[in-house]
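Everything on this sheet refers to the single structure shown next.
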Amino acid sequence: MKENLATVYDPKAVEAKWYQHWVDQKYFHAEPNSEKEPYTIVIPPPNITSALHIGHGMDNAIQDILIRTKRMQGYEALWMPGTDHASIATQVKIEEALAKEGISKHDLGREKFLERAWEWKEQYGGTIINQLKKIGCSCDWDRTRFTMDEGLSRAVREAFARLFNKGLIYRGSYITNWCPSCQTVISDDEVEHEEKDSHIWHLRYPLKDGSGFIEVATTRPETMLGDTAVAVHPEDARYQGMIGKQVLLPLMDREIPIVADDYVDPAFGTGAVKVTPAHDPNDFEIGLRHKLDHVKVIGKDGKMTQEAGKYESMDRYDARKAVVRDLDSGGYLVKIDPHKHAVGHCYRCHNVIEPMVSLQWFVKMTPLAEPAVDAVKRGETKLVPDRFTKIYYHWMENVHDWCISRQLWWGHRIPVWYCQDCGETIVASDDPTQCSKCSSANLKQDEDVLDTWFSSALWPFSTLGWPDKTPELSYFFPTNVLVTAYDILFFWVAKMIFSSLEFMGEVPFKDVLLHGLVRDAEGRKMSKSLGNGIDPLEVIDQYGADVLRWSLISGTTMGNDSRYYPEKIEAARNFANKIWNASRYVLMNLGDFSYEEIDVENNLELADRWILSRVNQVSAEVLGFIDSYNFGEAMRTLYDFMWSEYCDWFIEISKGRLYGEDEAAKHTAKSVLAYVLEKTLRLLHPFMPFITEEIWQHLPHQGSSIMIAPWPAVEDRFANQHAERAMAMVMDAIKAVRNIRAELSVAPSKKVECTLHAATSEVKELLTQAAAYFTKLAGISELSIGMTGDQKPAKAMTAVVSGAEIYLPLAGLIDIDQEIERLKKELKVLQSEVDRGEKKLNNPGFVNKAPEQVVAQEREKLEDWKQKQERVSARIAELQA
RNA sequence: GGGCGCAUAGCUCAGUCGGGAUGAGCGCUUGCUUCACACGCAAGAGGUCACAGGUUCGAGCCCUGUUGCGCCCACCA
């Protein structure tokens, strides 16, 4: 005798139990296996900065849905897990923690600081892995990687060395984005532009020869201290005479030239631009063309430098005020106009970026970007939804060289050594012991670390063993799909694509699935400062992982943001509860019914053929939706089937047989209940892994776990259009009876008599088969079935459905006049349907041009409406007589 | 300055190939302590698919434009 399910589902006990079981059985583990086709996903490695948030919940739930489905389908499914060291983000966090202890990273020193960082990694890395397990993620934990693992670090060095040797990595002094708060440069991608209301200052610089002034316009007056030229357009008539002349820079008493440069737009401002090559990207370019000096007036701390003269050590914003004041009192300020302009902010700390010339390492992008565009154009990698493809092209085609050095401690130290004796630069994947040129052992490694995205760019192959030619790499690579939120398309996805093409010679994944961001109930981004975040672990703690997963993904579409709020969690909880209770009902009635006893071939009645056909159809639809990444639709299909069809109709119908005396019928009912439920659970498993496993283990089944049970195949023998249509008609008829009962407020417990008149003998046969359904589901005491035209009850409520009329002789409740009114209303509705159909079919364009099938369908529908209409009018006439 | 997304029931959102909007959940109305489930059952109400044109036999869906909201990219000082 099988043990029934607990009265109430307890996710906590169930989830821990089955997760441990799956791990113990090594179901998550994948190995290169020539017998099977591989299916690979690499996890977007969560940053070790903090615990997972709700967005991670969605991201990983999606990946788990895919990997579980494919595993059940028989693929050798590998989900590669791991975490990211997140160089800058983690370092900022650790420095914050140190600040609370009252110490700085310099007090600790590099070595001790890194020890702290590794401790941090141990703590948060572990937390993250545990959280992923709680969500139910079926990652191959034996293969867990970290971006600063030995193997991955080797990959990073190898990649750096190869790019360097190909001339694709270079070092140089260029304008870069300096974050005065994080104390490092960041790449262009990491700068967030915010349009802000500001001002534009018009200044006039006196010409050295005393012949007058030239007026320039600037949004950053404090940088004038570092001006080394004024530029005008070469063809600007206003300034023809001035090109080549010297200007006396106010406040600084420096002579600077007026140069001609195409960059200047004569139509903007005054047509003359002050040039500060050390602190502006455009000015830097102008400076290159005209060999201008760099005067650095703003330092790395965001304060003015010695070069700024008397403004030295002032904060850059205080200096702005002081400079404007002094220019004004010197008579150099012409006017201040309001002006909107974009200011760059650091994506990590949100402080204003200072463009600054500094010596950094760069990756030359053009040669890498081109193949990355071509590969996507050839369809080797597909972005889902498709609209992101254009965005990707635009980025790739306009990309700047990638600044990869960071003035941080936590990260991959740049594998470059400088000979202290001869000045040689040595790039090596293994630590060199002597200079390759002068053999000196006096080498010093570059102090900087690499951009964190440099290592994540290699993730899809470095985790599989690259640069070694491992069996894993040749079997599991390229991966099938990368699942991530659209906000890291440039940071990460694009970089993986060009890196993979460069190092592996092929794309890293076939599909990129970009999902949206999870927002709060008001549509705001969830953030710590707003305090509007929902902790996925809390949801799991309260409702279970299945509910978390379902509530996060159902009703969403890929690429679009979604809102998350308690009602969604409740809806998912209710569904889980529904599945649980339906299963309890089935198990309670199954007794010790065994898998071998299941017979879904013989002795089937209408409802059986119907539900078997439906579950078969559902399994086809669900797989189609999963394969096209329409998870919301897959889940809706399963939800509706389980709730509205299996529970509301099939289970209710089954009660007649289960509580009856006919043993054969009982056996069939049990068989179909068990068979369909088991199949549905398998379809639900990727979405709700825990509850489905718990129930499945109690049900008659084959195999040791639902997660390695085969994905339900679509079987033609179950497809039964006839049964589906017949059942639809029966359900319509039952609903019509219920409707009348409700309208006349007949107590649900009250059994009533009912007469059905079929239009054809087929329908009569069908209704006879379904007689028990009426008794059970419509509260019918006595059902008489005749043919249209037979003697009908004198005083009865009427409903007309396709192929049949329904008469309910509800003594004492019927008011003939009211009933006539009701039927007339019904007739009106039918009339409008008939009109619509006739209009369509009377249109020669429709009949001639629409597909035959559509026209036939329309004819059939019209015929049906007309029949109903006729019968209702006939009934009205009878009642009026 | 470019580009993208969204606009469908009171709210939050689905809607695959262009073929009656029986759309979903929540909320609302009316009945139900019916032997799996009140986290439930049954019956209902509720839509000019943002607006204006166009293509088509037929448009929520395709095309053009408009409005509102949101997002991304961007070296006009």
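Worth saying up front: this structure is predicted, and the values here are computed from it rather than measured. Both backbone and side-chain heavy atoms feed into the values below; hydrogens, waters and symmetry mates do not.
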Point to revise | Interatomic distance where OH belongs to Tyr639(A) and P belongs to C39(B) [whole Å] | key: 14 Å
Exercise for review: Let me know the distance between CE of Met642(A) and P of C39(B), rounded to the nearest Å.
Suggested key: 19 Å
Point to revise | Salt bridge present between Arg725(A) and Glu860(A) (N-O < 4.0 angstrom) | key: yes
**Study point:** Complementary nucleotide for G46(B) - Watson-Crick or wobble, under 3.5 Å
**Key:** none
Practice item. From the options A14(B), C39(B), G15(B), select the nucleotide whose nearest atom is closest to the side chain of Asn560(A). Key: A14(B)
**Study point:** Whole angstrom value for the distance that separates P of U30(B) from CD of Glu743(A)
**Key:** 16 Å
Point to revise | Tyr585(A) six-ring centre to Lys655(A) NZ/CZ under 6.0 Å and within 45° of normal | key: yes
Exercise for review: Please check if the distance between the ring centroids of Tyr239(A) and His233(A) is under 6.0 Å.
Suggested key: no
Point to revise | salt bridge (Lys or Arg N to Asp or Glu O under 4.0 Å) evaluation trace for Glu838(A) with Lys866(A) | key: CA-CA 10 Å; Glu838(A) 279 182 340; Lys866(A) 272 182 161 170; 3.4 Å; yes
Review point. Please give, in whole Å, the distance from A36(B) P to Asn4(A) CG?
Key: 11 Å
Exercise for review: State which of C39(B), A77(B), A43(B) makes the closest approach to the side chain of Arg573(A).
Suggested key: C39(B)
Practice item. Take the protein atom OH of Tyr564(A) and the nucleotide atom C1' of U12(B), then report the distance between them rounded to whole Å. Key: 14 Å
**Study point:** Proximity to the side chain of Ala582(A) - top-ranked nucleotide from G40(B), U16(B), A36(B)
**Key:** A36(B)
Review point. Which of the following nucleotides, A43(B), G5(B), G40(B), is nearest to the side chain of Lys578(A)?
Key: G40(B)
Exercise for review: Determine the sole option in Arg738(A), Lys735(A), Met731(A) for which the side-chain contact (heavy atoms from CB on, under 4.5 Å) test with Leu777(A) is passed.
Suggested key: Arg738(A)
Review point. Which nucleotide in the set A77(B), A36(B), A14(B) lies at the smallest distance from any side-chain heavy atom of Cys647(A)?
Key: A36(B)
Study note, to complete from the structure: Result for 5'-nearest mapping on RNA chain B, choosing between Asp640(A) and Asn630(A), is Asn630(A)
Revision key, fill the gap. Residue pair Arg584(A)/Pro851(A) against RNA chain B: nearer the 5' end by closest nucleotide is Pro851(A)
Exercise for review: Take atom CH2 of Trp649(A) and atom P of C41(B), then tell me their distance rounded to the nearest Å.
Suggested key: 13 Å
Practice item. Give none if C69(B) has no partner; otherwise give the nucleotide forming a Watson-Crick or G-U wobble pair with it, both distances under 3.5 Å. Key: G5(B)
Exercise for review: Inspect the contact between Lys495(A) and Asp189(A) and indicate whether a charged nitrogen and a carboxylate oxygen are less than 4.0 angstrom apart.
Suggested key: yes
Exercise for review: Could you let me know what C32(B) is paired to, Watson-Crick or G-U wobble, both distances under 3.5 Å, or none if it's on its own?
Suggested key: G40(B)
Practice item. Nearest whole angstrom, please: distance from the P of U22(B) to the CD1 of Ile734(A). Key: 22 Å
Exercise for review: Would you mind telling me which of C37(B), A77(B), U12(B) lies closest to the side-chain atoms of Lys568(A)?
Suggested key: U12(B)
Review point. Quick one: which of G19(B), U12(B), A43(B) gets closest to the side chain of Arg563(A)?
Key: U12(B)
Practice item. Give the nucleotide from the list A74(B), A36(B), A14(B) with an atom nearest to the side chain of Tyr585(A). Key: A36(B)
Point to revise | Side-chain donor/acceptor of Glu652(A) to base of A36(B), under 3.5 Å | key: yes
**Study point:** Euclidean distance, atom CD1 of residue Ile200(A) to atom P of C76(B) [Å, nearest integer]
**Key:** 12 Å
